[in-house]
Engineer: 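I am attaching a structure below and will ask some questions about it afterwards.
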Amino acid sequence: MHFLDQAKIFVRSGAGGPGAVSFRREKYIEYGGPDGGNGGKGGDIIFEAVAGLNTLIDFRYTQHFRAPRGHGGSGSNRTGGGGDDLVIKVPVGTQVLSEDKEEVLLDFTKVGQREVFLRGGDGGRGNASYKTSTNRAPRQHGTGWPSEEAWVWLRLKLLADAGLVGLPNAGKSTFINAVTNAQAKVGAYAFTTTRPQLGVVRHHNREFVVADIPGLIEGAADGAGIGDRFLGHIERCRVLLHLVDANDADVAESYRIVRDELEAYGGGLIDKPHIIALNKIDTLDDELIEALSAELAEASGADVIPLSGAAGTGVDWVLDKLLEQIGPGPDSVPDNDEGEDEITWSPLG
């Protein structure tokens, strides 16, 4: 499946149906009169977040979405049928942006979230509703309220608890393959990963989602390499795991390059908790691992975890640190404060 995280679409709600101009002309009814019914309401444009989608590729082939208009009213005070609502299904994590991309109009963060974006026009009034004591045979009617339309951008930001960052070939794909079933492509060349990957980690009876994005290089904020366009997928992460290749000529400089690109991008990435790991230590001896870890710790000002995604060394240590930053799961039960009596359940409350 092709990955697409941005798409521009046109949406238009349905216009209201016109009201009817009609009069009763029945042989055995002495007094006739207007009986034109109202028009039906136009269909709404509705966005809904659904499970099972992780790309906007469908919107590459269909860019125009128009809800049907309401039907016109008719005689005998019959109201016209309303137009069906048009439901546009998007992946969880999708944002609806204004045409200039300056304003977030809708943000879908959970499965089943459903929002009316454009409301259909109300139906026009039939001539029966214009009847008064002084205007017994009105011929005016409403034509129906117009539709609403807009060009909008859809932008997908994957929902993950932890994000992987680092230079190209830092071992991010190897790590996510070691802890999940993502089956990310691994190769001995830069930019093996060309699109974000998601994987579910199961550790200590907990589950959390890890996102792997293409590697950053110096100048990514200005468009170098694949650029920083995929950094939006880790904006929602609670913690970032920064992998540094132990075989780099200068591990401290490798750390600073990625750190500078995160700061240049913005989006609060630089302020998130970071876990620093020296990756690929299976290729080095203990003395060199210790020296490089100390050098990286001095540059980052944080503890460094020696790691080998390929050999499995330090993987549990890293996952423990990630869980600490992610926090308790939704099913976790907090311990009772010390000194408080344990509360026992009673059917009587």
Side-chain angles (χ1 to χ4, degrees), residues 7-26 29 31-53 56 58-59 61-92 94-100 102-155:
K8 188 178 183 180
I9 64 173
F10 173 81
V11 289
R12 184 171 69 192
S13 61
V21 176
S22 175
F23 295 91
R24 294 173 57 187
R25 293 182 177 87
E26 298 173 56
I29 294 186
Y31 299 103
D35 66 348
N38 299 332
K41 177 184 173 296
D44 296 336
I45 293 291
I46 300 174
F47 286 97
E48 181 181 8
V50 298
L53 293 179
L56 299 175
D58 291 338
F59 297 99
Y61 308 106
T62 305
Q63 290 105 18
H64 293 79
F65 298 87
R66 299 179 177 90
R69 67 175 300 155
H71 297 280
S74 57
S76 300
N77 291 308
R78 287 176 292 186
T79 300
D84 294 333
D85 295 336
L86 180 59
V87 179
I88 302 174
K89 297 181 178 181
V90 296
V92 179
T94 299
Q95 292 180 326
V96 180
L97 309 178
S98 57
E99 186 175 6
D100 58 6
E102 294 295 326
E103 184 180 358
V104 178
L105 306 176
L106 296 174
D107 192 2
F108 296 89
T109 58
K110 58 184 179 180
V111 175
Q113 184 177 347
R114 188 180 175 103
E115 304 286 349
V116 177
F117 180 62
L118 298 180
R119 188 178 182 278
D122 291 329
R125 294 165 57 189
N127 70 330
S129 65
Y130 288 96
K131 179 183 177 182
T132 65
S133 60
T134 58
N135 185 13
R136 295 180 177 274
R139 294 186 176 276
Q140 66 265 43
H141 70 287
T143 57
W145 290 89
S147 60
E148 299 178 348
E149 62 182 46
W151 282 95
V152 295
W153 280 92
L154 302 181
R155 180 173 64 188

Engineer: Has Gln113 got a side-chain atom pairing as donor or acceptor with Asp107's backbone, closer than 3.5 angstrom?
Structural biologist: yes
Engineer: Distance from Leu118 atom CG to Leu105 atom CG, nearest 0.5 Å?
Structural biologist: 9.5 Å
Engineer: In Å and rounded to the nearest 0.5 Å, what is the CD1 to CD1 distance from Ile9 to Ile45?
Structural biologist: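 One finds 8.5 Å between CD1 of Ile9 and CD1 of Ile45.
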Engineer: What pair of heavy atoms forms the shortest contact from Leu56 to Ala7, and how long is it?
Structural biologist: CD1-N, 4.4 Å
Engineer: Which distance, rounded to the nearest 0.5 Å, do you find between the OH of Tyr130 and the NE2 of His141?
Structural biologist: 8.5 Å
Engineer: Any side-chain heavy atom of Phe47 sitting closer than 4.5 Å to one from Leu154?
Structural biologist: yes
Engineer: Looking only at heavy atoms, which two atoms of Asp122 and Arg119 are closest? And how far apart?
Structural biologist: OD1-NH1, 3.1 Å
Engineer: If you measure from CD on Gln140 to CG on Asn127, what distance do you get to the nearest 0.5 Å?
Structural biologist: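 One gets 8.0 Å once the value is rounded to the nearest 0.5 Å.
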Engineer: Kindly determine whether Asp35 and Ser22 satisfy side-chain hydrogen bond (donor to acceptor under 3.5 Å, both in side chains), including the steps that lead there.
Structural biologist: CA-CA 5 Å; Asp35 66 348; Ser22 175; 2.7 Å; yes
Engineer: Taking the side chain as every heavy atom from C-beta outward, state whether Leu53 and Val90 have any pair of such atoms under 4.5 Å apart.
Structural biologist: no
Engineer: I'd like to know if the side chain of Arg69 reaches the main chain of Gly16, judged simply by a donor and an acceptor atom lying under 3.5 Å from each other, with no hydrogens or angles considered.
Structural biologist: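 Yes; at least one donor-acceptor contact below 3.5 Å.
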Engineer: Can you name the ring pair (Phe, Tyr, Trp, His ring centres under 6.0 Å) partners of Phe65, sequence neighbours left out?
Structural biologist: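 In terms of ring pair (Phe, Tyr, Trp, His ring centres under 6.0 Å), with neighbours along the sequence ignored, Phe65 is linked to Phe59.
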Engineer: Using a cut-off of 6.0 Å, state whether more than 12 heavy atoms not belonging to Lys8 lie near its atom NZ.
Structural biologist: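 Yes - once you tally the heavy atoms of other residues, nucleotides and ligands closer than 6.0 Å, there are more than 12.
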Engineer: Hey, is the main chain of Glu103 close enough, under 3.5 Å, to the side chain of Ser98 for a donor-acceptor pair?
Structural biologist: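 Checking the backbone N and O of Glu103 against the side chain of Ser98, a donor-acceptor pair under 3.5 Å is found.
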Engineer: If every non-hydrogen atom of Pro34 is compared with every non-hydrogen atom of Ala128, which pair is closest and at what distance?
Structural biologist: O-CB, 3.8 Å
Engineer: Compare every heavy atom of Gly14 with every heavy atom of Ser147, then report the nearest pair and how far apart it is.
Structural biologist: CB-C, 3.8 Å
Engineer: Using a strict 4.0 Å threshold on nitrogen-to-oxygen distance, state whether Arg114 and Glu48 make a salt bridge.
Structural biologist: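 Yes, Arg114 and Glu48 are salt-bridged.
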Engineer: What pair of heavy atoms forms the shortest contact from Arg136 to Ser133, and how long is it?
Structural biologist: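 For Arg136 versus Ser133, the nearest heavy atoms are NE-O, 3.6 Å.
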Engineer: Just so I know, are the side chains of Val152 and Phe117 near enough to count as touching, which here means a heavy-atom distance under 4.5 Å?
Structural biologist: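 The answer is yes; the side chains approach within 4.5 Å.
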Engineer: Hey, what do you get for CD (Glu148) to CG (Asp44), rounding to the nearest 0.5 Å?
Structural biologist: 9.0 Å
Engineer: Parallel under 30°, tilted from 30 to 60°, perpendicular over 60°: which one fits the rings of Phe10 and Trp151?
Structural biologist: tilted
Engineer: So which heavy atom on Ala67 is nearest to which on Gly43, and how close?
Structural biologist: CB-O, 3.5 Å
Engineer: Provide the full list of ring-ring contact (aromatic ring centres under 6.0 Å, His included) pairs with a residue in residues 66-92, sequence neighbours left out, each pair given once.
Structural biologist: none
Engineer: CZ/Arg125 to CG/Asn38 distance, rounded to the nearest 0.5 angstrom?
Structural biologist: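 Reported value, rounded in 0.5 Å steps: 8.0 Å.
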